[in-house]
Amino acid sequence: MKRAVRKVRKKSGMLAAAFLISHFSFFIFMSCARMGSPDGGWYDDTPPQVVSAMPAERAVNVQSKKIIINFSEFIKIENAQEKVIVSPPQIEQADIKTQGKRIVIELKDSLKPNTTYTVDFSDAITDNNEGNPMGQYTYSFSTGDRIDTLEVSGYVLNAEDLEPVKGMLVGLYPYDAPDSCFRTEPMMRVSRTNGSGRFTVKGIAPGSYRAYALNDADGDFRFGQKSELIAYNRDSIVPSWKPDTRPDTIWRDSLHILNIVRVPYTHFLPDDITLLSFQEPQTDRFLLKTERQTPEKLGIYFTYGHDSLPRLRGLNFPSDSAFVVEHSLRRDTVYYWLRDTTLINQDSLNIEVTYMSTDTLGQLYERSDTLSFEPKVPYEKRLKDRLKEQEKWEKEQAKKKKNGLKYDSIMPRQWLELKFVPDGKLTPLQNISIEAPVPIGRCDTAAVHLYMKVDSLWYSAPHTLTQLSPRRFTFSAQWQPDTEYSLEVDSAAFTTIYGLENKAIKKGLKVSGPDDFSTLDVTVSGAPITAADSMAVVVVQLLDGSGKVVRHANATGGRVHFDYVKPATYYLSAYCDMNGNGQWDTGLYDEDRQPEPVYYFHEEVECKQKWDVKRQWNLTAKPRYEQKPQKLVKQKPEQARKQKNRNIERARQLGIEYLQDKTGVRM
């Protein structure tokens with residue numbers, strides 16, 4: 001911290017000095033004292049400035065790979081690996097370091113002829129003492145006899161949810177380059193997206209280009225791995241520029257604006273390129289891991305699902321009918337529940353697992369592995385824990401008996417605990433899900449009853465109980481609004497494969513009436529046309545405050561209607577089902593297939609009780625990068641680093657005005 005230190009010393013016999021002290025220095029001293037500052041003076045809020053460079057900035061016919069940039073004060077570089085971009089991209093990373101008042105750059109790759117090189121520091125340069133940011137700074141030179149200065153900018157968004165993507169490389173290829181160049185050649189010029197998904201590619205020569213984005217996993221600046229996030233479009237990008245002005249705010253202090261002026265600048269175009277990033281379908285299938293978290297449950301995990309589930313053959317036990325199979329929706333996770341208690345108590349199960357896997361050529365083939373499954377807690381330890389639990393219970397009962405309290409002589413029976421969702425109040429459109437902790441071996445549907453209350457009398461109501469998986473059921477009925485129901489399950493209606501039964505269950509249910517809800521009517525326009533020259537099916541999704549899908553429906557005739565909407569603040573998103581398969585699909589580069597379009601309604605939708613809410617939504621009225629409401633954006637923009645306005649605050653406390661352009665301080 002740089003401060004002008006003033007010390008006032010009394011000297012006898014110097015009336016002039018005493019006069020000055022009393023009328024000027026004393027005022028400053030007292031003002032500084034009020035601020036609790038022992039030494040006074042103004043803070044240094046001047047950012048570092050470039051004094052010289054070798055080679056000089058924008059020099060031509062450069063052959064040296066070593067660059068030295070000299071500054072007006074000691075400097076440092078923050079987050080160099082993340083923020084500093086050398087273009088054309090360097091396969092062998094450049095060495096960039098600070099040395100006091102200079103930055104030294106050593107390029108490792110050979111220099112390309114007739115090429116403009118740029119080193120974009122972004123806002124990484126600050127002074128060493130105060131941390132004053134230099135602002136956006138780019139050094140450039142050319143190995144030819146001219147230097148290219150054009151720029152293009154835009155945004156990279158996640159195609160599935162329009163979330164800004166931070167840290168993506170964005171590069172250009174000539175417009176007439178073959179599609180294969182993205183896989184075979186490094187990008188010509190590159191940039192990296194910031195926290196808002198914003199990028200600026202600099203040092204571009206006049207011409208026509210196409211833009212690509214890449215989450216470069218292997219550092220070769222080209223698309224080489226299926227797991228890499230990519231983005232591209234077929235638009236022709238022709239860089240240009242025009243003179244323009246923009247507003248610049250001059251602050252009187254940290255709260256008040258002194259003036260807003262128009263500042264001239266060079267406006268480079270286009271500045272609204274939008275790239276939608278995606279990951280291609282991960283069809284390569286490999287065995288990720290196996291586990292036996294609990295003694296009765298074996299888990300097998302794959303990178304990708306397949307219609308054919310793995311086959312298991314016991315090597316140290318008979319495996320016929322030994323398992324109950326449960327799998328995830330995508331079939332990439334498969335659980336095998338052991339039926340036999342003897343096998344559950346066996347600590348080591350050796351199993352031959354036969355499954356579909358991907359070979360080195362990307363083709364599926366049948367593979368067999370011999371695997372051993374061992375529980376985390378051995379049988380001996382589990383047995384000891386059960387004995388301890390029984391001893392503890394017996395001691396508690398003996399203590400109750402001794403004290404003349406009611407006690408049990410037989411340990412209580414363990415019952416099957418079922419989970420009901422929702423458990424209580426529901427809407428007329430909801431069903432009830434029933435979930436068991438382990439697979440159900442038998443379900444007596446006749447032992448599950450539903451009663452409806454009509455005029456204080458209870459009547460049997462029609463219902464359906466459907467098993468979705470070994471552990472999950474759905475209970476549905478034609479729920480009447482503003483009506484009470486009773487869901488009753490007889491004891492032993494559900495029995496697990498281990499013989500555990502449920503005890504009698506009775507749950508009161510209340511279906512809310514229309515006055516408890518809102519309705520939402522959305523008119524949708526601007527849907528794209530499919531390859532078959534028909535309007536794409538638009539699936540509108542109602543989102544809660546966290547962005548989670550609450551409801552969804554197809555837009556029929558350009559209209560979507562949601563009944564029984566719970567009062568809350570919602571958001572709207574939509575995707576266009578271009579192939580009609582009922583789900584959002586990602587892209588595939590080699591087939592020139594873009595991800596299915598996704599849109600967001602840019603405003604929140606407030607739904608209140610008894611309100612009929614209507615919205616008109618043109619999907620393309622706003623550019624994609626402006627659509628997603630900020631409250632749903634998880635990748636928040638980086639805070640712009642500003643100079644510390646401590647001098648403004650100091651001047652405010654002194655009752656004087658501090659001009660940021662350093663033209664002076666006035667009362």
Side-chain angles (χ1 to χ4, degrees), residues 226-227 281-383 385-386 414 416-419 433-443 466-474 494-501:
K226 255 189 174 182
S227 60
Q282 301 302 296
T283 55
D284 291 344
R285 180 175 166 86
F286 303 103
L287 178 63
L288 277 179
K289 67 174 183 176
T290 60
E291 66 179 13
R292 190 179 175 186
Q293 292 283 351
T294 58
E296 68 278 2
K297 182 181 176 183
L298 314 180
I300 303 179
Y301 301 84
F302 295 92
T303 56
Y304 192 73
H306 193 271
D307 291 339
S308 175
L309 295 177
R311 302 191 307 274
L312 272 60
R313 183 173 70 87
L315 300 180
N316 61 344
F317 66 95
S319 55
D320 293 341
S321 303
F323 307 106
V324 173
V325 183
E326 182 184 13
H327 59 78
S328 64
L329 182 63
R330 296 184 178 181
R331 293 175 172 254
D332 53 2
T333 301
V334 189
Y335 297 114
Y336 294 85
W337 296 85
L338 296 168
R339 293 178 180 272
D340 192 343
T341 306
T342 304
L343 295 180
I344 294 174
N345 295 335
Q346 187 171 327
D347 280 344
S348 181
L349 298 176
N350 298 324
I351 301 174
E352 181 185 73
V353 181
T354 302
Y355 59 94
M356 300 303 295
S357 183
T358 303
D359 62 18
T360 56
L361 299 177
Q363 302 298 314
L364 286 172
Y365 74 103
E366 193 170 79
R367 172 174 176 164
S368 295
D369 290 330
T370 298
L371 305 172
S372 180
F373 291 84
E374 298 179 359
K376 281 194 168 183
V377 182
Y379 172 68
E380 186 177 350
K381 175 71 165 54
R382 301 197 306 270
L383 186 60
D385 290 342
R386 284 200 295 267
Q414 185 179 0
L416 167 64
E417 297 291 336
L418 296 173
K419 181 180 179 182
S433 67
I434 304 174
E435 183 176 332
V438 297
I440 298 297
R442 185 187 67 86
C443 175
T466 306
Q467 187 166 7
L468 304 178
S469 74
R471 297 188 300 113
R472 295 178 177 85
F473 297 78
T474 183
F494 294 88
T495 306
T496 71
I497 60 176
Y498 308 121
L500 208 61
E501 298 175 338

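Side-chain atoms are counted along with the backbone in the values below, which use heavy atoms only and exclude waters and symmetry mates.
- Residues satisfying the side-chain contact (heavy atoms from CB on, under 4.5 Å) test with Pro281, not counting sequence neighbours, are Thr283, Thr586, Leu588, Arg593.
- Residue Asp320 places its CG atom among 12 or fewer non-hydrogen atoms of other residues, nucleotides or ligands, all under 6.0 Å distant.
- The minimum heavy-atom distance linking Asn316 with Ser348 is given by the pair ND2-O, 3.0 Å.
- Applying the salt bridge (charged side-chain N to carboxylate O under 4.0 Å, His left out) test to Asp284 and every residue at least two apart in sequence or in another chain returns nothing.
- A donor and an acceptor atom, one from each side chain of Trp337 and Glu296, are nowhere located under 3.5 Å apart.
- Residues meeting the ring-ring contact (aromatic ring centres under 6.0 Å, His included) test with Tyr335, sequence neighbours left out: none.
- Under the 3.5 Å distance criterion, the side-chain polar atoms of Thr358 are left unmatched by any main-chain donor or acceptor of Gly362.
- With no hydrogens or angles considered, a side-chain donor-acceptor pair links Gln293 and Lys376 at under 3.5 Å.
- By the side chain to side chain donor-acceptor pair (under 3.5 Å) test, Gln346 pairs with no residue at all, sequence neighbours left out.
- Here the shortest heavy-atom pairing between Phe286 and Ser357 reads CD2-OG, 4.1 Å.
- Partners of Lys289 under the side chain to side chain donor-acceptor pair (under 3.5 Å) rule, at least two apart in sequence or in another chain, do not exist in this structure.
- In this view, Ser319 and Arg313, Phe317, Phe323 satisfy the side-chain contact (heavy atoms from CB on, under 4.5 Å) rule, not counting sequence neighbours.
- Annotation: Tyr355 is in aromatic contact with Phe302 [ring centroid separation under 6.0 Å].
- The salt bridge (charged side-chain N to carboxylate O under 4.0 Å, His left out) check on Glu435 picks up Arg471, Arg472, with sequence neighbours excluded.
- Under the rule for a side chain to side chain donor-acceptor pair (under 3.5 Å), Arg382 has no partner lying at least two apart in sequence or in another chain.
- The side chain to side chain donor-acceptor pair (under 3.5 Å) search around Arg331 returns none, not counting sequence neighbours.
- For Tyr304, there are no ring-ring contact (aromatic ring centres under 6.0 Å, His included) partners two or more places apart in sequence or in a different chain.
- In this structure, CG in Leu312 is found 5.0 Å from CD1 in Ile300, a value given to the nearest 0.5 Å.
- Residues meeting the side-chain contact (heavy atoms from CB on, under 4.5 Å) test with Arg292, sequence neighbours left out: Pro295, Leu298, Leu338, Leu349, Phe373, Pro375.
- Partners of Asp369 under the salt bridge (charged side-chain N to carboxylate O under 4.0 Å, His left out) rule, at least two apart in sequence or in another chain, are Arg367.
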